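To keep things clear, I will list the structure first and then write my remarks on it.
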Amino acid sequence: MRHDPPADVTIINYSEPQSLDPAIVTAQPDMRTVAGMFEGLTRPDPRTGRAIPGLAERWDVSPDGRIYTFHLRTNLVWSTGDPIRAEDVVYSLVRTLAPATASDYAGQLFCVKNAQAFNAGKTNAEAVGVAALDPFTVRVELNNPTVFFLDVCAMPLAAVVPRRSIEKFGDSWIAATPLPVSGAYELGVWRVNDKVRLKKNPRYWDAANTQSDTIDLLPIVSASSALNLYLRGQVDIVWDKELVPNELLDVLLKRPDFHTYSYLGTYFLRLNVTRKPFDDPRVRKALALAIDKQRIVNRVTRGGEQPASSFVPADTANYTSPEGLGYDPQRARQLLAEAGFPGGKNFPRMEYMFNAAAGGGRIHEEIAIELQQMWRDTLGVDIELRQLEMQVYLTEQDQLHYDLSRSSWIGDYNDANTFLNMFVTGDGNNRTGWSNARYDELIRKANSITDVQAREKLFQEAETILIHDELPIIPIFFYEGINYFDTNKIAGVYNNVVDLHPLNTIRKIHSANANGKNPPVAEFTNHESRITNY
Amino acid sequence: MYFLRRLAYMIPLLLIISAVTFLLVHLAPGGPFDKEHAPASPQIKHNLEAKYHLDEPIWKQYLRYVGNLAHGDFGPSLKYRDHSVTDIVRQALPVSMLLGWLAFGFAMGVGLPVGFITALRRGRWQDHIGSILTLLAVCIPGLVVAPILVLVFTIKWRLLPVALWESPFHGILPTVALGLYFAGKIARLFREGMLNTMQMEFVTAARAKGLGENSLLLRHAVRLAVLPVVSYSGPMLADLMTGSFVIEMIFQIPGLGGFFINSALNHDYTMTVGLAVLYATLLIVLNLLVDVAYMMLDPRVKYE
């Protein structure tokens with residue numbers, strides 16, 4: 001048992017970090033931690049989540065939108081005191097792409113020239129379109145103008161990491177001491193399943209605005225333990241939706257310290273269009289029209305989620321989704337009859353596949369039961385339920401060994417592309433067997449231009465095919481995030497649509513007033529979030 | 001000689017255990033690198049598999065694994081990629097062992113006296129109450145006991161911390177929750193042991209020779225009566241020291257127990273096999289120690 005002096009702020013961060021290596025992290029809790037330690041050319045604005053200057057203080061974009069020239073701040077140093085230079089940025093981006101790094105998210109950088117070929121071992125690192133022009137200038141050449149590239153630069157996978165440590169310690173470099181960091185916080189303590197303690201990096205370029213000296217992030221996945229610790233005042237912030245006991249949701253959401261906010265995530269169903277009768281769009285539409293999505297959010301999820309008729313969430317920047325299919329049992333029955341299954345007659349035995357919910361919850365199961373009921377009542381179709389453990393479910397989905405499958409998608413950045421690009425032919429996240437040449441063409445075109453309105457039009461046309469005409473997927477609802485903390489005690493947690501909460505703005509209010517270090521926060525109005533009472 | 005031979009058997013036994021586990025985890029459907037958010041190209045997954053040699057034939061992977069094992073290297077964790085399996089075990093095992101010993105102490109400290117008293121007062125009210133309590137302790141799982149303890153001692157009375165692993169106070173509830181079952185088990189075993197021993201001829205003979213009841217019970221009978229408890233202690237300690245999934249989850253204890261379940265669910269192959277080998281080693285060593293203790297306690301036992 002090791003008892004550390006209490007941290008300025010203690011946060012329950014959900015699961016134990018799978019990694020704190022920026023190139024490797026994929027889980028949301030891990031990213032929240034890593035983003036505090038390593039920074040890239042840009043960083044997310046704590047209020048909006050959009051990219052703002054990070055290690056680069058400004059940048060120029062070529063008229064065709066393909067060449068970004070970043071100008072680094074000249075006062076950048078690692079937490080160990082060594083300077084951070086353009087070469088470090090180049091090294092870090094190339095490292096994420098290197099096959100030996102085996103980064104899951106390397107694909108986010110495939111917009112960079114020759115990045116994909118390098119990741120596949122087909123060319124060398126020098127060919128990648130990233131170069132240091134001088135110690136303070138980085139030039140990045142892209143394949144296509146990529147309007148969300150600055151948002152990609154703010155993701156951990158593009159953060160600047162210490163070359164010398166990595167080359168010296170290999171895969172265990174994060175655990176080596178000292179660990180040079182480029183961000184606001186150094187890694188103080190990391191004990192597996194116990195805690196991550198971050199302590200302020202005084203050499204960070206923006207250290208003057210780092211609000212807390214120490215922050216503890218506790219890996220707790222049990223909702224009841226999290227709630228108990230919070231109610232006993234042992235933790236200040238609990239910020240993962242899985243950490244709200246589902247049975248108590250209705251009561252807890254009435255409290256002023258429970259905050260809900262929409263973020264870019266969609267709960268949807270995949271249909272395997274390579275299997276009969278799901279190869280017929282009329283059948284897919286019939287299944288969609290028979291679902292009363294409002295009932296699902298009212299009865300099962302109960303966190304203020306909005307029913308989804310489109311796939312791209314409503315709050316996505318520069319984009320408004322076209323109208324998809326609503327709840328229309330009459331038309332559902334009609335379409336099914338047209339497809340040759342009047343009243344569900346002769347409809348083959350089909351299975352709905354879902355996984356056990358994280359944290360031991362039953363939400364996917366409850367939704368599955370609702371869906372089964374609706375399809376039976378409205379269409380006369382009997383769908384069997386099949387629950388699988390997570391890794392098996394993912395493999396079955398990937399190999400198209402399913403009929404219908406529960407799915408979800410959380411946007412990586414605030415752009416419609418993160419949702420629509422996955423359904424182009426053969427994409428690893430398509431997983432429906434669906435392919436549509438017109439759709440592919442529209443997405444390709446949209447990603448080759450920078451004009452915001454023209455791009456929106458192309459995406460809208462594409463999404464219309466996806467959610468109105470063809471339906472290889474059925475959107476169910478848009479995710480709603482929940483976190484809990486007392487706004488009278490904690491400041492600097494802003495809820496935004498990308499669910500990013502940079503650590504350096506977070507502080508306890510009373511301790512700050514007591515030592516006069518920080519001015520009291522004039523207001524905590526949060527435009528991006530809705531603090532709702534249901 | 002006997003013990004050396006037993007130790008020598010350990011090596012082929014562990015090889016078999018590791019081979020079977022290795023094969024089983026690799027045969028199970030699903031892989032460690034499947035994610036809801038699939039990589040942008042199949043090449044990325046290939047890079048991952050190449051890094052951890054999962055693209056090799058399984059026999060080759062196993063030989064590589066055993067080769068590393070011979071150097072005490074359990075390989076990298078596939079789920080917790082900054083850590084090696086050894087690294088995680090080194091951090092988590094001491095926590096589980098500490099809690100395990102505490103629970104063992106609790107189980108012995110409560111179980112032995114209760115067993116002793118219920119045996120001596122056989123058929124009387126002390127026996128009935130004790131037996132009901134030990135039965136309850138054995139029947140109610142930790143999954144139920146732990147939340148009740150939390151509810152009563154931390155939420156209602158606010159006497160103890162809710163969870164986490166920080167001060168000695170944080171250890172109290174987990175110790176009780178983890179040890180209660182074993183306390184009940186030991187009480188029952190010891191009661192049986194005492195009752196059986198008290199009926200043996202040597203006890204009657206000793207009484208006839210005029211040996212005092214106290215001396216008879218404590219110096220002679222207990223030594224034999226405790227044998228069932230001793231033989232149960234080996235597997236019990238192996239269980240306790242490797243942690244409990246449920247107790248660690250409820251009290252947020254950074255032990256090893258959770259890894260036994262989660263590594264299998266995550267398809268963290270190296271971790272699953274490593275833990276199986278670790279557990280088997282502990283079990284074998286502890287059983288050996290049990291045999292040593294037998295020999296010391298019971299003069300009739302000799303190993304050839």
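Remember, predicted model here, so these are calculated numbers, not experimental data. Letters go in sequence order (proteins before strands), and every chain restarts at 1.
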Residues [X] and [Y]: side-chain donor-acceptor under 3.5 angstrom:
X	Y	result
E248(B)	S96(B)	yes
S18(B)	Y62(B)	yes
N13(A)	T33(A)	yes
N144(A)	T146(A)	no

Segment of [X] engaging chain B (4.5 angstrom heavy-atom cut-off):
X	answer
Q399(A)	neither
Q108(A)	side chain
I220(A)	both
Q397(A)	neither
A100(A)	backbone
L218(A)	side chain

Pick one of side chain, backbone, both or neither for [X], based on which atoms fall under 4.5 Å of a heavy atom in chain A.
X	value
K79(B)	both
P42(B)	neither
P147(B)	neither

query: Would H46(B) and F33(B) count as a close aromatic pair, with their ring centres under 6.0 Å?
result: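 Centroid separation for H46(B) and F33(B): 6.0 Å or greater.
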
